[in-house]
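Quick notes on the structure that follows.
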Amino acid sequence: MVIHSSSTQKGTGFTSKKETPCQIGYRQDFRTMVVKAEISKSKQILGDVIFELQNHSESLHWFLSYDRLSELMEMRKEDCLRRIYQFRSTKPQMSLSGGFNEIDGEYLIDFLAAELELEDVSSAFLKGGIFFGERPLYELRESYKSLIQKTVENHRLDKELLLLLATATVDYDDAVDSYLMDKFEIDFFVQRTINIFLDTRKIRPEFGAEEFLKEYLNALIPTKILNFRDITKEFRDRTYYELFGRIRKEKPKKRKIKVKLNVEIEELLAFFDLEADAKVPDVKKKFKELLKKYHPDINKKGEEMTKKIILKYNRLILLMGEAG
């Protein structure tokens, strides 16, 4: 035992000594080594979890049971389950289904970040190509919009063709749609956006990331989130002025009650092919239709899709309840 005092202790008969600079240095070095060892161990466990998910990922669909997670984290199953239940108390919307899957990947990331005391778990999952949170998906959507806008802005306008299309249609937007579809392909914008996204972030594509992102963008293109006319509005207004020498008048907006939704609800509604003003009964009806279509008893390859439908349905109903 070291007592930090240089004076003689009353009633003890001995004189204590201060730590020397050398001793202090050794102690600090030892603590640094311990911290580094703990961080190294945490990173190793994180790497093992990501490797496990990569090995079982099919088009970015994966499942990690609580039992397997406890093995990877080198914990007793009982301790792991106890910590998961404690974690769930802070995430009431999280469902307990025997493990984590790609739908609730955010929860797995948060759980690992808390247990391993690491800050870059989300980034590691992203680079591993096994999960995309809302932030990178938002950046993907913005990149898609930006690519289209820059491409049409730098495009050399074929005035004769556009004028011909404009005189043959009642709606100028229809003419521009036909013109742009003649000059460009949506698939090009989708693939180019994904390639740039994966390359710049050094994301591994071999575990289904490319296929997942393509499916994700294609699902949003018909919706208001990635509406092609909204994205190319500036091009439409500019070319109209170039052709006719006057500013294009805004179309009178239809009187309709606007439903303000967060992005997650919009995406879930898009998954069920429902409009923004859809109600809970509409969701339930669509849910039953999809279950009948993909139920494993009817569709031998529908088990994974059935799980996905159920998870997305539960999440949508929860969010609609909170919004309402």
Between [X] and [Y], does at least one N-O distance fall below 4.0 Å, as a salt bridge requires?
X      : Y      : value
Asp237 : Lys249 : no
Arg141 : Glu134 : yes
Glu234 : Arg238 : no
Glu139 : Arg135 : yes
Lys150 : Glu153 : no
Glu264 : Arg315 : yes
Asp177 : Arg236 : yes
Asp120 : Lys43  : no
Lys214 : Glu211 : no
Lys41  : Glu74  : yes
Arg82  : Asp79  : yes
Arg229 : Asp174 : yes
Glu266 : Lys224 : no

From [atom1] ([X]) to [atom2] ([Y]), nearest 0.5 Å:
X      : Y      : atom1 : atom2 : answer
Phe272 : Lys286 : CZ    : NZ    : 9.5 Å
Ile317 : Lys312 : CD1   : NZ    : 14.0 Å
Ser65  : His56  : OG    : NE2   : 9.5 Å
Leu290 : Lys288 : CG    : NZ    : 13.0 Å
Lys285 : Leu274 : NZ    : CG    : 10.5 Å
Ile148 : Thr151 : CD1   : OG1   : 7.5 Å

Exercise. Evaluate the criterion side chain to side chain contact (heavy atoms under 4.5 Å, CB included) for residue pair Leu213 and Thr193; output intermediate values, then yes/no.
Key: CA-CA 10 Å; Leu213 295 175; Thr193 300; over 6 Å; no
Are any non-hydrogen side-chain atoms of [X] and [Y] less than 4.5 angstrom apart?
X      : Y      : answer
Pro136 : Phe197 : yes
Ile50  : Leu53  : no
Leu116 : Met73  : yes
Asn101 : Leu64  : no
Phe228 : Val176 : no
Asp282 : Asp277 : no
Leu269 : Ile265 : yes
Arg88  : Tyr107 : no

Quiz item: Step by step, would you call Met181 with Ile186 a side chain to side chain contact (heavy atoms under 4.5 Å, CB included)?
Solution: CA-CA 8 Å; Met181 290 305 100; Ile186 291 295; 4.1 Å; yes
Return the minimal non-hydrogen interatomic distance between [X] and [Y], and the atom names on each side.
X      : Y      : value
Leu60  : Gly208 : CD1-C, 3.8 Å
Ala124 : Leu46  : CB-CD2, 3.9 Å
Ile203 : Gly129 : CG2-CA, 3.7 Å
Ala219 : Pro222 : O-CD, 3.4 Å
Leu161 : Asp182 : CD2-OD2, 3.7 Å
Lys77  : Ser70  : CG-OG, 3.5 Å

Self-check item: side chain to side chain contact (heavy atoms under 4.5 Å, CB included) between Glu106 and Phe131, worked out
Solution: CA-CA 8 Å; Glu106 291 281 7; Phe131 181 76; 3.7 Å; yes
Quiz item: Mind checking whether Leu164 and Val170 sit in one hydrophobic cluster, side chains of I, L, V, M, F, W, Y counted as touching below 4.5 Å?
Solution: no
Quiz item: Pick one: which of Phe125, Phe207, Phe212, Tyr216 meets ring-ring contact (aromatic ring centres under 6.0 Å, His included) with Phe132?
Solution: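 Of Phe125, Phe207, Phe212, Tyr216, ring-ring contact (aromatic ring centres under 6.0 Å, His included) with Phe132 is met by Phe212 alone.
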Quiz item: Can you name the one residue among Phe100, Phe87, Phe111 that meets ring-ring contact (aromatic ring centres under 6.0 Å, His included) with Tyr66?
Solution: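 Only one of Phe100, Phe87, Phe111 forms a ring-ring contact (aromatic ring centres under 6.0 Å, His included) with Tyr66, namely Phe100.
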Counting neighbours of [atom1] on [X] that are heavy atoms of other residues, nucleotides or ligands and sit closer than 6.0 Å, is the number greater than 12?
X      : atom1 : result
Leu96  : CG    : yes
Glu119 : CD    : no
Arg192 : CZ    : no
Glu160 : CD    : no

Quiz item: Got a sec, which residues hit side-chain contact (heavy atoms from CB on, under 4.5 Å) with Lys127, two or more places apart in sequence or on another chain?
Solution: Ser123
Under the 3.5 angstrom rule, does the side chain of [X] hit a backbone N or O of [Y] as a donor-acceptor pair?
X      : Y      : answer
Gln149 : Ile231 : yes
Gln54  : Ile130 : no
Glu210 : Pro205 : no

Quiz prompt | Stepwise side-chain hydrogen bond (donor to acceptor under 3.5 Å, both in side chains) check, Thr239 with Tyr172 | solution = CA-CA 10 Å; Thr239 54; Tyr172 183 69; 2.8 Å; yes
Quiz item: Would Lys308 and Glu215 satisfy salt bridge (charged side-chain N to carboxylate O under 4.0 Å, His left out), going step by step from the backbone distance to the final call?
Solution: CA-CA 14 Å; Lys308 190 174 183 179; Glu215 181 182 328; 3.6 Å; yes
Practice problem: Tell me, with the steps shown, if Phe287 and Leu316 meet side chain to side chain contact (heavy atoms under 4.5 Å, CB included). | Solution: CA-CA 11 Å; Phe287 171 67; Leu316 179 56; over 6 Å; no
Quiz item: Relative to each other, are the rings of Phe184 and Phe189 parallel, tilted or perpendicular (30° and 60° limits)?
Solution: tilted
Quiz item: What is the ring orientation for Tyr240 with Phe244, classed by angle as parallel under 30°, tilted 30 to 60°, or perpendicular over 60°?
Solution: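 Taking Phe244 first and then Tyr240, their aromatic rings sit tilted (interplane angle of 30° to 60°).
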Self-check item: Modelled atom types, side-chain donor and acceptor of Gln191 and Asn195, under 3.5 Å
Solution: yes
Self-check item: Sole residue of Val263, Asn227, Ile225 in side chain to side chain contact (heavy atoms under 4.5 Å, CB included) with Leu220
Solution: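 One option only clears the test, and that one is Ile225.
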